[in-house]
Amino acid sequence: QLQLVESGGGLVQPGGSLRLSCVVSGFTLDYYAIGWFRQAPGKEREGVSCISSVGGSTKYVDSVKGRFTISRDNAKNTVYLQMNSLKPEDTAVYYCAASTYYGRVCATQSDVMNYWGKGTLVTVSS
């Protein structure tokens, strides 16, 4: 059974850091592009970052550039999202998702993702 499970969320003060993990099972991570998305209360889901299946190309939404870093460890079937200099506006449920597109590019559009995790809550507050 194909599954994505996020972890690493929690409560952090502004300026702090968190590392989210997305562990995949039921398929080999090597052949999938992975995206991180978030949904804040009362807002639409937003694509945050993605990493391609070939070459590890990455993309970031402008609001997190320079603060967030996506990476993948195919041997561990895990994708990470390192989040630094967190701001209250980063508060949201964060989801990872997998796309069956195999190539050197990735996209942060929800409609290109085939599989989704259930999310982990990140709260940035003092």
Side-chain angles (χ1 to χ4, degrees):
Q1 183 178 356
L2 202 147
Q3 219 174 1
L4 297 91
V5 179
E6 305 92 338
S7 64
L11 174 64
V12 63
Q13 292 187 341
S17 297
L18 284 175
R19 188 177 79 160
L20 305 184
S21 299
C22 173
V23 178
V24 306
S25 60
F27 63 96
T28 302
L29 182 61
D30 305 51
Y31 301 108
Y32 291 79
I34 300 293
W36 282 98
F37 297 79
R38 66 185 179 185
Q39 188 165 20
K43 294 188 177 181
E44 293 187 356
R45 186 167 54 195
E46 171 188 41
V48 175
S49 180
C50 66
I51 186 165
S52 66
S53 51
V54 179
S57 297
T58 59
K59 283 186 181 178
Y60 299 92
V61 67
D62 285 347
S63 60
V64 308
K65 283 181 180 177
R67 300 189 297 123
F68 290 12
T69 303
I70 190 171
S71 61
R72 62 193 295 155
D73 185 338
N74 290 344
K76 294 184 178 180
N77 258 16
T78 302
V79 176
Y80 304 99
L81 186 68
Q82 178 67 43
M83 307 187 296
N84 299 328
S85 303
L86 282 161
K87 304 175 181 180
E89 51 263 44
D90 294 317
T91 295
V93 177
Y94 283 72
Y95 303 88
C96 66
S99 167
T100 56
Y101 177 76
Y102 184 73
R104 295 184 178 277
V105 297
C106 65
T108 53
Q109 283 76 43
S110 297
D111 57 5
V112 304
M113 297 298 169
N114 303 100
Y115 307 102
W116 291 83
K118 294 184 178 181
T120 184
L121 177 62
V122 172
T123 303
V124 185
S125 174
S126 54

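Just so it is clear, the model here is predicted, and its values are computed rather than measured. In this chain, residues are counted from 1 in sequence order.
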Pairwise distance [atom1]([X]) to [atom2]([Y]) - rounded to 0.5 angstrom:
X	Y	atom1	atom2	value
Lys43	Thr91	NZ	OG1	10.0 Å
Phe27	Gln3	CZ	CD	10.0 Å
Leu29	Thr78	CG	OG1	7.5 Å
Tyr95	Glu46	OH	CD	13.5 Å
Cys106	Ile51	SG	CD1	7.5 Å
Thr58	Arg72	OG1	CZ	11.5 Å

Item to complete: Mind running side chain to side chain contact (heavy atoms under 4.5 Å, CB included) on Leu4 and Cys22 for me, showing each step along the way?
Response: CA-CA 6 Å; Leu4 297 91; Cys22 173; 3.8 Å; yes
ILVMFWY network linking [X] to [Y], side-chain heavy atoms under 4.5 angstrom:
X	Y	answer
Tyr102	Val24	yes
Val54	Ile34	yes
Val93	Leu81	no
Tyr94	Tyr32	yes
Val124	Leu121	no

What closest approach, in Å, do [X] and [Y] show between heavy atoms, and which atom pair accounts for it?
X	Y	value
Val122	Met83	CG2-CE, 3.8 Å
Ser125	Pro14	C-CD, 3.6 Å
Cys50	Ala107	SG-N, 3.4 Å
Val61	Gly47	CB-O, 3.5 Å
Lys59	Ser49	O-OG, 2.8 Å

State, with a plain yes or no, whether a side-chain heavy atom of [X] is found less than 4.5 Å away from one of [Y].
X	Y	answer
Arg38	Val64	yes
Ile70	Tyr60	yes
Cys96	Val79	no
Leu86	Leu18	yes
Asn114	Leu2	no
Phe68	Trp36	no

Would the distance check show the side chain of [X] and the main-chain N or O of [Y] forming a donor-acceptor pair, the cut-off being under 3.5 Å?
X	Y	result
Glu6	Lys118	yes
Ser85	Gly15	no
Ser21	Tyr80	no
Ser57	Ser52	no

Worksheet item: Just wondering, are more than 12 heavy atoms of other shown residues or ligands nearer than 6.0 Å to CD in Glu44?
Response: no
Item to complete: Output yes when Lys87 and Asp90 qualify as a salt bridge under the 4.0 Å nitrogen-oxygen rule, no when they do not.
Response: no
Worksheet item: Do the rings of Phe37 and Trp116 sit parallel, tilted or perpendicular, given the 30° and 60° boundaries?
Response: tilted
Practice prompt. With side chain to side chain contact (heavy atoms under 4.5 Å, CB included) as the test, would you mind laying out the steps for Tyr115 and Thr100 before giving the verdict?
Written response: CA-CA 9 Å; Tyr115 307 102; Thr100 56; 4.1 Å; yes
